[in-house]
**Student:** 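Mind having a look at this structure? Questions to follow.
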Amino acid sequence: MSSSVRENSARMSSTIWWRRVFAVNVEGTFRLIRAVIPAMLEAGSGSIVNIASEAALRGSAAGIAYTASKHAVVGITRNCAVMYGPHGIRVNAVAPGGVAAAEQVAASITFLLSDNGVNVNGVVPPSDGGWLAR
């Protein structure tokens, strides 16, 4: 186990760090969704793509606060997909990781936001060039 992961383990991570990571990753995601949902409900359609992480797909990619917060983003994503899908709103997330460049992650997000992703709701595909498959 690397030094940085060990320092971010349950035993070593501080409550201050835990709260800071959750404030950004979880509360930020929640607040943004809450802000856009009314307009999407009124329009009868919409698409949201949250940013998860490969840490949300496995337990060994990062420290405890980051990993738990990205798992929470997946939960928010799937809950909102179920709750708002019947209203024409799709909610997905991408899970960047490995060697994914910003342009590659942007391409995954663009697909999920586009009409090409019309039948995709509640999923969290990795955007990592196959890194997770190794």
**Student:** Are a donor atom and an acceptor atom from the side chains of Asn50 and Thr77 found within less than 3.5 Å of each other?
**Tutor:**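 Yes - a donor-acceptor pair under 3.5 Å links their side chains.
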**Student:** If hydrophobic clusters are built from ILVMFWY residues whose side chains come within less than 4.5 Å, do Val82 and Val123 share one?
**Tutor:**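 Different clusters.
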**Student:** Could you label the plane-to-plane angle of the Tyr84 and His87 rings as parallel, tilted or perpendicular, counting under 30° as parallel and over 60° as perpendicular?
**Tutor:**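 Rings of Tyr84 and His87: tilted, as their planes differ by 30° to 60°.
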**Student:** Contact between Ile89 and Val91 at the side-chain level, heavy atoms closer than 4.5 Å - yes or no?
**Tutor:**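 Yes, side chains in contact.
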**Student:** Identify, with sequence neighbours excluded, every residue that meets side chain to side chain contact (heavy atoms under 4.5 Å, CB included) alongside Thr110.
**Tutor:**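 Thr110 satisfies side chain to side chain contact (heavy atoms under 4.5 Å, CB included) with no other residue.
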**Student:** Does any non-hydrogen side-chain atom of Leu112 lie less than 4.5 Å from one of Ile48?
**Tutor:**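 A side-chain contact under 4.5 Å is absent here.
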**Student:** Could you give the distance from CG (Asp128) to CD (Gln104), rounded to the nearest 0.5 Å?
**Tutor:**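 Interatomic distance, Asp128 CG to Gln104 CD, rounded to 0.5 Å: 9.5 Å.
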**Student:** With sequence neighbours left out, what residues match Arg34 under side-chain hydrogen bond (donor to acceptor under 3.5 Å, both in side chains)?
**Tutor:**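 Result, side-chain hydrogen bond (donor to acceptor under 3.5 Å, both in side chains) vs Arg34: none returned.
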**Student:** With no hydrogens and no angle check, is any side-chain donor or acceptor of Arg78 less than 3.5 Å from a backbone partner on Asn121?
**Tutor:**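 The answer is no, because no donor-acceptor pair under 3.5 Å joins these two groups.
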**Student:** Looking only at heavy atoms, what is the nearest atom pair of His71 and Arg58, with distance?
**Tutor:**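 Here His71 and Arg58 meet closest at NE2-O, 3.9 Å.
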**Student:** Evaluate the side-chain proximity of Pro96 to Ile51: yes if any heavy-atom separation is below 4.5 Å, no if none is.
**Tutor:**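 Ile51 reaches Pro96 side chain to side chain.
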**Student:** Kindly write out the residues that satisfy side-chain hydrogen bond (donor to acceptor under 3.5 Å, both in side chains) with Asn25, not counting sequence neighbours, or none if the list is empty.
**Tutor:**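 side-chain hydrogen bond (donor to acceptor under 3.5 Å, both in side chains) check on Asn25 returns Ser69.
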**Student:** Under 4.5 Å between any side-chain heavy atoms of Pro126 and Trp131, yes or no?
**Tutor:**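 No, too far: nothing below the 4.5 Å cut-off.
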**Student:** Can you name the closest pair of heavy atoms from Ser53 and Lys70 and give their distance?
**Tutor:**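 Residues Ser53 and Lys70, closest heavy atoms: CB-CG, 3.7 Å.
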**Student:** When rounded to the nearest 0.5 angstrom, what is the spacing between CH2 in Trp18 and OH in Tyr66?
**Tutor:**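 Trp18 CH2 to Tyr66 OH: 14.0 Å, rounded to 0.5 Å.
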**Student:** Find out if a path of hydrophobic residues (ILVMFWY) with successive side-chain heavy-atom gaps under 4.5 Å connects Met83 to Leu41.
**Tutor:**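 Both belong to a single hydrophobic cluster.
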**Student:** State yes or no: do Val73 and Val49 share one hydrophobic cluster built from I, L, V, M, F, W and Y residues joined by side-chain heavy-atom distances below 4.5 Å, directly or via other members?
**Tutor:**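 No; tracing contacts between hydrophobic side chains, which count when under 4.5 Å, never links both residues.
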**Student:** Looking at residues at least two apart in the chain, or sitting in another chain, which of them share a ring pair (Phe, Tyr, Trp, His ring centres under 6.0 Å) with Phe30?
**Tutor:**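 For Phe30 there are no ring pair (Phe, Tyr, Trp, His ring centres under 6.0 Å) partners, ignoring immediate neighbours.
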**Student:** Answer yes or no: is there a side-chain heavy-atom contact under 4.5 Å between Glu27 and Phe22?
**Tutor:**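 In short, these two side chains do not touch, never coming nearer than 4.5 Å.
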**Student:** If you define the side chain from C-beta out and look only at heavy atoms, does anything of Ile33 sit under 4.5 Å from Ile76?
**Tutor:**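 Yes - at least one pair of side-chain heavy atoms lies under 4.5 Å apart.
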**Student:** In chain order, what residues pass the side-chain hydrogen bond (donor to acceptor under 3.5 Å, both in side chains) check against Ser108, with sequence neighbours excluded?
**Tutor:**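 Only Ser127 meet the side-chain hydrogen bond (donor to acceptor under 3.5 Å, both in side chains) criterion with Ser108.
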**Student:** Less than 4.5 Å apart, any side-chain heavy atom of Met40 and any of Ser45?
**Tutor:**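 No. Closest side-chain heavy atoms not under 4.5 Å.
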**Student:** Within the side chain of Asn92, is there an N or O that forms a donor-acceptor pair under 3.5 Å with the backbone of Gly122?
**Tutor:**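 Side chain of Asn92 to backbone of Gly122: a pair is present.
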**Student:** Can you list the other members of the hydrophobic cluster that holds Val124, where links are side-chain heavy atoms under 4.5 angstrom apart?
**Tutor:**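 Leu57, Val74, Leu132, all in the cluster of Val124.
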